[in-house]
Number of protein chains: 2
Amino acid sequence: MYRNVHPIAEGLIRQCGGRATAGRIGILSVLLSAQQAMTHREIEQCLLETLPLDRVTLYRGLEWLVAQQLIHKVASGDRVWRYHANGKAYSHQHAHFKCTGCSQVICLDDLPLERQWPLPSGYRLQEVELTVKGLCADCS
Amino acid sequence: MYRNVHPIAEGLIRQCGGRATAGRIGILSVLLSAQQAMTHREIEQCLLETLPLDRVTLYRGLEWLVAQQLIHKVASGDRVWRYHANGKAYSHQHAHFKCTGCSQVICLDDLPLERQWPLPSGYRLQEVELTVKGLCADCS
DNA sequence: TTAATTTGCGCAACTTTGTTGCATTTATGT
DNA sequence: ACATAAATGCAACAAAGTTGCGCAAATTAA
Ligand SMILES: [Mn+2]
Ligand SMILES: [Mn+2]
Ligand SMILES: [Zn+2]
Ligand SMILES: [Zn+2]
């Protein structure tokens, strides 16, 4: 249950010097307890009963948490952002897996992105975005 | 000038057994002449003078060309599809480069995606989507 | 060449995802 | 408890893309 992580979430938010509002704590708690990256919609649904937030507030909360580097944002192909808490394992750049069956997105911590990527001359690399698509264990 | 490729575009379309309409020929001609992957908007602008197409027709034309595998679709992070003609070089899976300055997207043919990607057990790979982000030669 | 049939087009309306402006409320330091 | 800065809720907006449907154009048959 994601309520257990409320104190942890609140601590993390205060450490950033931000206001510990119910919204931010709720959002971060959901993401800290989630096994996969979640869409805005999924987070909204998840909070619906305990803490109904306005969609805009949720967008702004997520934006703020990303800016504080407490969570990260995943693009994953469909035109929907997904969000996931930054554990120790996920603080560096990493790849993601997207299941084409159930649409879940998980972080692939093992997949190193620090290798050399050959680019045309004059081109400068900033960031690599890698999404492996396929079927998860449940959908296989 | 993309008008030179009209006969080529028409031939490719007829080879697929599809109707060679002015719209499809125009769209494919633009993409065949383009150096980079283009958004729906960019293609629309490009055709504006010679062949003003309804946005929906353009969407459906692109969809059809993708289904015929005459072009391919690139996700590239912002929530906008980009399209590019399938030359010989681009018929296989390949990575893309997206310039964070000018937003142009080019195909990285040299970057092999056929390596092994370690996945959790039970997970099955279908496709790899790799976008390298950075600055192109002009924007550097 | 014309007529019939099939397929694509244009238009309007709708959906989804996300953003912006502004008045109101709330968290926090004093 | 009060002042103040910051977050929230609401309405409106925006961009990208989709759907339904009547009409037009491309193929095919006559
Ligand atoms: Mn991740
Ligand atoms: Mn490409
Ligand atoms: Zn799955
Ligand atoms: Zn550039």
Side-chain angles (χ1 to χ4, degrees), chain A residues 6-7 9-29 37-48 50-68 70-83 98 103 105, chain B residues 6 9-29 37-48 50-68 70-71 73-83 98 103 105:
Chain A
H6 270 225
E10 183 168 350
L12 288 167
I13 288 166
R14 287 194 193 281
Q15 266 182 276
C16 298
R19 288 196 183 173
T21 65
R24 286 178 182 170
I25 295 169
I27 297 167
L28 184 52
S29 296
M38 295 176 76
T39 64
H40 175 275
R41 268 290 173 84
E42 290 166 341
I43 301 167
E44 194 178 30
Q45 283 300 313
C46 192
L47 286 171
L48 202 60
T50 50
L51 183 73
L53 278 184
D54 184 79
R55 341 176 304 110
V56 178
T57 305
L58 179 45
Y59 274 118
R60 292 201 264 231
L62 288 167
E63 196 180 6
W64 186 85
L65 290 168
V66 169
Q68 307 308 312
L70 290 175
I71 66 177
H72 63 275
K73 216 179 179 178
V74 189
S76 67
D78 52 8
R79 331 175 307 105
V80 184
W81 293 112
R82 283 176 175 77
Y83 302 87
K98 166 133 194 248
S103 296
V105 172
Chain B
H6 271 223
E10 182 168 352
L12 289 166
I13 289 165
R14 287 196 192 280
Q15 268 183 275
C16 298
R19 287 197 183 171
T21 66
R24 286 178 183 170
I25 296 169
I27 298 168
L28 184 53
S29 296
M38 296 176 76
T39 64
H40 175 274
R41 267 292 172 86
E42 291 166 339
I43 300 167
E44 194 178 30
Q45 282 300 313
C46 190
L47 285 172
L48 201 60
T50 50
L51 183 73
L53 279 183
D54 185 79
R55 338 177 305 110
V56 179
T57 304
L58 179 46
Y59 275 119
R60 292 201 264 231
L62 289 166
E63 196 179 7
W64 186 86
L65 291 168
V66 169
Q68 306 309 312
L70 291 175
I71 65 177
K73 216 178 179 178
V74 189
S76 66
D78 52 9
R79 331 175 307 104
V80 184
W81 293 113
R82 282 177 176 76
Y83 302 86
K98 167 131 193 249
S103 297
V105 173

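First the proteins, then the strands, lettered A, B, ... as listed; each starts at 1.
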Checklist outcome for this item: From CZ of R82(B) across to C1' of dA16(D) the rounded distance in Å is 12 Å
Next on the checklist: Just the rounded figure in Å: distance from C1' of dT16(C) to CD of E42(A).
Outcome noted: 14 Å
Item to check | Nearest-nucleotide comparison on DNA chain D, the residue closer to the 5′ end among H40(B) and G18(B) | outcome: H40(B)
Checklist entry - For I13(B), does its backbone N or O pair with a side-chain atom of R24(B) as donor and acceptor, under 3.5 Å? => result no
Next on the checklist: Rounded to whole Å, how long is the line connecting atom CD1 of I13(B) with atom C1' of dT7(C)?
Outcome noted: 14 Å
Checklist entry - Side chain of R19(B), base of dT27(D): donor and acceptor closer than 3.5 Å? => result no
Next on the checklist: If the cut-off is 4.0 Å, is T57(A) near the phosphate of dG9(D), judged by side-chain N/O to OP1 or OP2?
Outcome noted: yes
Checklist entry - Can a side chain N or O of W81(A) be found less than 4.0 Å away from OP1 or OP2 on dT17(C)? => result no
Next on the checklist: Taking donor-acceptor contacts at under 3.5 Å, does the side chain of R41(A) reach the base of dT16(C)?
Outcome noted: no
Checklist entry - Would you say R79(B) reaches dG17(D)'s phosphate, i.e. side-chain N/O to OP1/OP2 under 4.0 Å? => result no
Next on the checklist: Regarding V56(B), tell me which of base, sugar-phosphate or nothing describes its non-hydrogen contacts under 4.0 Å with the strands shown.
Outcome noted: base
Checklist entry - With sugar-phosphate meaning primed atoms plus P, OP1 and OP2, does R55(A) contact a base, only sugar-phosphate, or nothing at under 4.0 Å between heavy atoms? => result base
Checklist entry - Hey, is the side chain of R60(A) pairing donor to acceptor with the base of dG9(D) inside 3.5 Å? => result yes
Checklist entry - Pick one: which of W81(A), Y59(A), Y83(A) meets ring-ring contact (aromatic ring centres under 6.0 Å, His included) with H40(A)? => result Y59(A)
Checklist entry - Which residue, L53(B) or K73(A), contacts DNA chain C at a nucleotide closer to its 5' end, judged by nearest heavy atom? => result L53(B)
Checklist entry - Starting at CD of E63(A) and ending at C1' of dT17(C), how long is that distance when rounded to a whole Å? => result 14 Å
Next on the checklist: Does dT26(C) have its OP1 or OP2 closer than 4.0 Å to a side-chain nitrogen or oxygen of T21(A)?
Outcome noted: no
Checklist outcome for this item: In whole angstroms, the gap separating P of dT8(D) from CD1 of I27(A) amounts to 7 Å
Next on the checklist: Between P on dT8(D) and CG on L51(A), what's the gap in Å once rounded to a whole number?
Outcome noted: 10 Å
Item to check | For atom CG of D54(A) and atom C1' of dT19(C), their distance in whole Å | outcome: 13 Å
Next on the checklist: Can a donor-acceptor pair be found, under 3.5 Å and without considering hydrogens, that links the side chain of T57(B) to the backbone of L53(B)?
Outcome noted: no
Item to check | Donor-acceptor pair between T39(A) and R82(A) side chains, under 3.5 angstrom | outcome: no
Next on the checklist: Just the rounded figure in Å: distance from P of dT19(C) to CH2 of W64(A).
Outcome noted: 18 Å
Checklist entry - Is any NZ, NE, NH1 or NH2 atom of the basic residue among R79(B) and D78(A) found under 4.0 Å from an Asp or Glu carboxylate oxygen of the other? => result no
